[in-house]
**Student:** 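Would you mind keeping the following structure in view while I ask a few things?
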Protein chains: 2
Amino acid sequence: MAKIPLPAPRRMLTLRDVSEASGVSEMTVSRVLRNRGDVSGGTRERVLEAARALGYVPNKIAGALASQRVNLVAVIIPSLSNMVFPEVMTGISDTLEDTGLQPVVGVTNYSPEREESVLYEMLSWRPSGVIIAGLEHTPAARAMLQNAGIPIVEIMDIDGTPVDAAVGISHRRAGRQMAEAIIAAGYRRIGFLGTMMPHDHRARKRLAGFEEALAEAGLALEDREFYSGGSALLKGREMTEAMLARSPDLDFLYYSNDMIGAGGLLSCLSKGIAVPGRLGLAGFNGVELLDGLPCRLATMDACRLDIGQIAAEIIAGKRAHQGLGEVVELMPKLQPGDTIRG
Amino acid sequence: MAKIPLPAPRRMLTLRDVSEASGVSEMTVSRVLRNRGDVSGGTRERVLEAARALGYVPNKIAGALASQRVNLVAVIIPSLSNMVFPEVMTGISDTLEDTGLQPVVGVTNYSPEREESVLYEMLSWRPSGVIIAGLEHTPAARAMLQNAGIPIVEIMDIDGTPVDAAVGISHRRAGRQMAEAIIAAGYRRIGFLGTMMPHDHRARKRLAGFEEALAEAGLALEDREFYSGGSALLKGREMTEAMLARSPDLDFLYYSNDMIGAGGLLSCLSKGIAVPGRLGLAGFNGVELLDGLPCRLATMDACRLDIGQIAAEIIAGKRAHQGLGEVVELMPKLQPGDTIRG
DNA sequence: ATGAAAGCGCTAACAC
DNA sequence: GTGTTAGCGCTTTCAT
């Protein structure tokens with residue numbers, strides 16, 4: 001029977017296999033594979049050659065247990081389909097790139113219970129740090145974060161008390177600013193369109209800030225409409241049409257995100273409603289998609305890339321971690337688009 | 001000195017801590033925490049109470065090493081910002097939900113080298129299975145997949161030879177079908193607009209199939225334009241305007257994805273070019289976003305949810321795995337939208 | 001129903 | 001520069 005050169009192994013290879021194949025102790029093999037300590041050029045070559053020929057893949061589980069070190073960073077976010085979070089992820093990945101740390105993503109679908117269980121699951125792998133969206137967590141989740149003994153960075157939002165560090169913007173202030181700009185531009189009859197999600201705390205805070213600023217100017221929202229699920233663009237279109245049918249006197253629509261805002265914009269364009277002449281529109285997030293639209297709605301950049309980057313720097317220890325309670329507040333830029341004049 | 005009730009521990013808790021707190025052996029604690037074997041109701045209660053009070057989080061690293069079992073499934077995809085992959089992820093997560101398996105995502109940015117290193121990194125955690133996009137990998141990556149000794153499912157595409165199992169559609173056939181529908185609808189002067197990415201094999205195969213079918217009808221693409229990077233919607237708009245300026249006689253534009261197609265559609269609408277009267281448009285993917293547009297371009301559903309679901313079922317062993325070479329071909333539906341008549 | 005012993009595959013710490 | 005020893009925190013297996 002002819003000898004098959006490299007049969008697929010039935011069990012995974014271990015350091016011992018590489019050790020035997022190269023005639024060097026397991027310890028030295030381990031050192032070569034991790035670039036640790038002094039190893040002579042000759043043995044180095046032989047070990048690497050043997051490992052490559054065998055197709056050895058190190059077992060990080062054993063390595064992590066022995067070294068008490070795990071190069072993983074848990075990243076916990078509400079959703080992947082939101083357009084917002086992929087960009088935060090980019091900031092995190094890019095920054096972690098040359099630190100040897102690896103992000104691992106968990107998704108909660110805006111459910112606190114799911115967040116708790118995802119967090120538990122991730123902590124059980126003993127990551128080197130946690131980056132988690134928002135400041136609102138179940139008491140159990142907060143306790144886990146507090147007791148984890150690793151750096152924790154809560155991102156996106158800073159309106160609240162962080163467990164450890166926080167990096168983000170004030171959504172309350174963002175809402176206020178938008179309201180102030182809208183009022184300054186002369187709009188008075190304002191409607192709001194947003195998500196129904198009870199656990200989207202950041203959208204909630206923006207709306208609260210928005211209404212505060214309206215109230216200070218002696219104004220109030222004239223109408224509001226909420227949605228959940230479905231294509232955001234389509235919902236934006238439908239809600240806008242419904243609201244304008246009900247409240248034809250409105251002169252401005254404030255959307256809780258750019259996608260529904262874009263739907264509203266398309267609806268206005270196809271109905272021949274002049275934007276911004278007849279109606280002003282504003283969203284939130286500063287998503288790239290808006291660049292492709294025939295007219296710019298006002299929006300606000302949420303500093304997503306920066307947030308990911310700074311959070312990762314804190315975890316990686318590249319940034320002097322001020323200890324508990326460090327809050328990094330970023331200042332979102334209001335982008336007036338074509339719809340806010342002045 | 002007053003006793004502080006539950007000080008944040010400086011080291012992570014172990015089974016031993018729970019064992020001591022509950023007065024039960026480590027082994028029994030382990031059994032309770034995993035719901036294994038017979039444990040009397042009383043001890044069970046005491047153990048759970050102790051674990052909860054201490055805030056014990058099991059160490060999966062040690063558990064995995066001891067049991068040689070890891071409940072992780074590696075999922076390797078090219079991009080998160082593509083709109084396509086979040087949906088595949090949904091299919092995977094939902095199906096894995098009640099199996100005890102957990103997806104872990106790695107992103108390659110369409111780079112074969114990055115794919116290789118992400119794969120290596122993930123395999124070193126000894127996952128229970130791998131779901132990976134595409135059939136094209138570096139030789140080293142293929143070797144790793146072959147030797148991993150776990151189920152491997154290559155997804156999205158079936159035009160090629162899988163390492164183990166494959167679930168997806170034939171992009172070549174999808175391109176053909178779209179060309180045939182376009183020709184049947186009477187269009188003759190056809191332009192193509194797509195990505196430049198050399199490693200987007202699926203877009204490449206669709207175009208190849210498309211051109212094949214054109215050739216069989218005695219036709220050829222009259223013009224083509226490629227882009228890379230930037231906002232897809234905006235690029236779609238720009239490329240469309242550039243192409244129509246250069247080749248004003250075209251009566252159909254085939255886009256390699258729906259986002260640039262949507263940009264093209266918006267461009268036509270704002271320029272007053274009648275769709276589909278003057279010009280037909282088609283994209284690919286069947287993204288939800290299209291529902292919000294004022295007019296439907298033709299597209300083709302890529303069966304993303306099904307792909308994720310079936311791949312996960314194979315990994316979870318819910319579906320009789322036919323052994324090496326199993327290929328599950330899904331049949332995408334052509335959605336004529338408003339632009340393909342008849 | 002519960003416990004004791006052995007060991008998963010690696011690395012820290014120390015010898016040589 | 002290289003090898004030896006002793007665990008890392010669990011689970012498996014076997015004994016009681």
Side-chain angles (χ1 to χ4, degrees), chain A residues 9-48 50-51 54 56-72 100 121 123-128 148-149, chain B residues 9-48 50-51 54 56-72 100 121 123-128 148-149:
Chain A
R10 285 274 48 92
R11 70 171 166 74
M12 283 269 81
L13 270 26
T14 68
L15 264 192
R16 171 174 219 105
D17 296 302
V18 182
S19 163
E20 285 169 1
S22 60
V24 174
S25 78
E26 288 186 41
M27 199 52 233
T28 300
V29 172
S30 168
R31 282 195 266 252
V32 170
L33 265 25
R34 288 176 300 144
N35 294 310
R36 283 288 155 66
D38 296 314
V39 182
S40 75
T43 33
R44 209 189 140 64
E45 288 309 303
R46 267 188 303 144
V47 167
L48 288 174
L54 294 172
Y56 171 70
V57 177
N59 185 332
K60 288 224 180 189
I61 295 175
L65 185 60
S67 68
Q68 307 276 66
R69 238 190 300 283
V70 179
N71 70 336
L72 264 25
E121 196 70 20
L123 285 180
S124 73
W125 287 99
R126 300 290 188 267
S128 294
Chain B
R10 283 275 47 90
R11 70 173 167 72
M12 284 269 81
L13 270 25
T14 69
L15 262 192
R16 171 173 218 104
D17 297 304
V18 182
S19 163
E20 285 170 0
S22 61
V24 174
S25 79
E26 289 185 39
M27 199 50 241
T28 300
V29 173
S30 167
R31 281 194 269 251
V32 171
L33 265 25
R34 287 176 301 143
N35 294 311
R36 283 289 155 63
D38 297 314
V39 181
S40 74
T43 33
R44 211 188 139 64
E45 288 309 305
R46 267 189 304 145
V47 168
L48 288 175
L54 293 172
Y56 172 70
V57 177
N59 185 333
K60 288 224 180 191
I61 296 175
L65 184 61
S67 66
Q68 308 277 66
R69 238 188 301 282
V70 179
N71 70 337
L72 265 24
E121 197 70 20
L123 285 180
S124 73
W125 288 100
R126 302 289 187 267
S128 293

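So that the names make sense, note that chain A is the first sequence line, chain B the second, and so on, each numbered from 1.
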**Student:** Can you list everything that forms a side-chain contact (heavy atoms from CB on, under 4.5 Å) with A:Leu65? Sequence neighbours excluded, please.
**Tutor:**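 Applying side-chain contact (heavy atoms from CB on, under 4.5 Å) to A:Leu65 gives B:Ile61, B:Ala62, B:Leu65.
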
**Student:** Please report the distance, rounded to the nearest Å, between CD in B:Glu20 and P in C:dG3.
**Tutor:**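 Rounded to the whole Å, the gap is 13 Å.
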
**Student:** Are any non-hydrogen side-chain atoms of B:Val47 and B:Tyr56 less than 4.5 angstrom apart?
**Tutor:**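 Of all side-chain heavy-atom pairs linking B:Tyr56 with B:Val47, none is under 4.5 Å.
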
**Student:** Over how many whole Å does the gap from B:Arg46 atom CZ to C:dA1 atom C1' extend?
**Tutor:**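 Distance, rounded to whole Å: 13 Å.
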
**Student:** To the closest 0.5 Å, what do you measure between CG (B:Leu33) and CD (B:Glu26)?
**Tutor:**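 Nearest 0.5 Å value for the CG-CD distance: 12.0 Å.
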
**Student:** Please check the phosphate of D:dT2 (OP1 and OP2 only) for any side-chain N or O of A:Ser40 closer than 4.0 Å.
**Tutor:**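 Answer yes for this pair, as a side-chain N or O of A:Ser40 is under 4.0 Å from OP1 or OP2.
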
**Student:** Sugar-phosphate atoms are those with a prime plus P, OP1 and OP2; base atoms are the rest. Using that split, label each nucleotide of nucleotides 8-16 of chain C B, S or - for protein heavy atoms under 4.0 Å, 5' to 3'.
**Tutor:** BBBBBB---

**Student:** Taking the side chain as C-beta and beyond, is there a heavy-atom pair between A:Leu48 and A:Val32 under 4.5 Å?
**Tutor:**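 Contact flag for A:Leu48/A:Val32 side chains = yes.
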
**Student:** Please find the pair of heavy atoms, one from A:Leu13 and one from B:Arg126, that lie closest to each other, and give the distance.
**Tutor:**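 Distance-wise, the nearest heavy atoms are O-NH2, 3.8 Å.
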
**Student:** Taking OP1 and OP2 of D:dT2, is either one under 4.0 Å from a side-chain nitrogen or oxygen of A:Thr43?
**Tutor:**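 Yes, within the criterion.
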
**Student:** May I ask you to check whether over 12 heavy atoms, not counting those of B:Arg16, lie within 6.0 Å of atom CZ?
**Tutor:**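 Counting neighbours around CZ of B:Arg16, 12 or fewer heavy atoms of other residues, nucleotides or ligands fall under 6.0 Å, so no.
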
**Student:** Between A:Ser25 and D:dG3, does any side-chain N or O lie under 4.0 Å from OP1 or OP2?
**Tutor:**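 Yes, A:Ser25 has a side-chain N/O under 4.0 Å of OP1/OP2 on D:dG3.
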
